[in-house]
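Notes follow once the structure below has been shown.
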Amino acid sequence: MADQVAVDAKRILLRYGAPIAVLDKVSTSHRIEFAREIAKTPLADREDRLRELLVQGGYIDAGVRPKKRRRSAS
């Protein structure tokens, strides 16, 4: 059960913009914690909130802005 929670947490964080290289450095407990926080955040604010959590956790630098993701037309 805990493994599935961790997998779902990783999917949520990837969905809202966590870079794979960064996410591999995030502990499982933090992934779950961050995903729970994101789930409580309004949809429009989720990417920004995730970035804040990653900065606060020391996983990314606050000064580096992420590349905008392209949406597929399909």
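All figures in this text were calculated on a predicted structure; none of them were measured in a lab.
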Nearest 0.5 angstrom please: [X] [atom1] to [Y] [atom2], how far?
X     : Y     : atom1 : atom2 : answer
Ile60 : Leu50 : CD1   : CG    : 7.5 Å
Leu13 : Leu23 : CG    : CG    : 5.5 Å
Asp48 : Tyr16 : CG    : OH    : 13.0 Å
Glu47 : Thr41 : CD    : OG1   : 12.0 Å

Following the transitive rule for hydrophobic clusters with a side-chain heavy-atom cut-off under 4.5 Å over Ile, Leu, Val, Met, Phe, Trp and Tyr, establish whether Phe34 and Ile20 coincide in one cluster.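 The answer is yes; both residues are in one hydrophobic cluster.
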Any link between Val55 and Ile12 through a network of hydrophobic side chains (Ile, Leu, Val, Met, Phe, Trp, Tyr) touching at under 4.5 Å?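 Same cluster.
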Restricting to pairs with a member in residues 42-63, which pass ring-ring contact (aromatic ring centres under 6.0 Å, His included), not counting sequence neighbours? His30-Tyr59
Asp8: partners by salt bridge (Lys or Arg N to Asp or Glu O under 4.0 Å), with sequence neighbours left out: Arg11
Please collect all salt bridge (Lys or Arg N to Asp or Glu O under 4.0 Å) contacts where either partner lies in residues 19-37, sequence neighbours excluded, each pair once.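 Applying salt bridge (Lys or Arg N to Asp or Glu O under 4.0 Å) to every pair that reaches into residues 19-37, excluding sequence neighbours, yields Lys10-Asp24, Glu37-Arg49.
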Report yes if some heavy atom in the side chain of Leu54 is under 4.5 Å from a heavy atom in the side chain of Val26; otherwise report no.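 Yes - at least one pair of side-chain heavy atoms lies under 4.5 Å apart.
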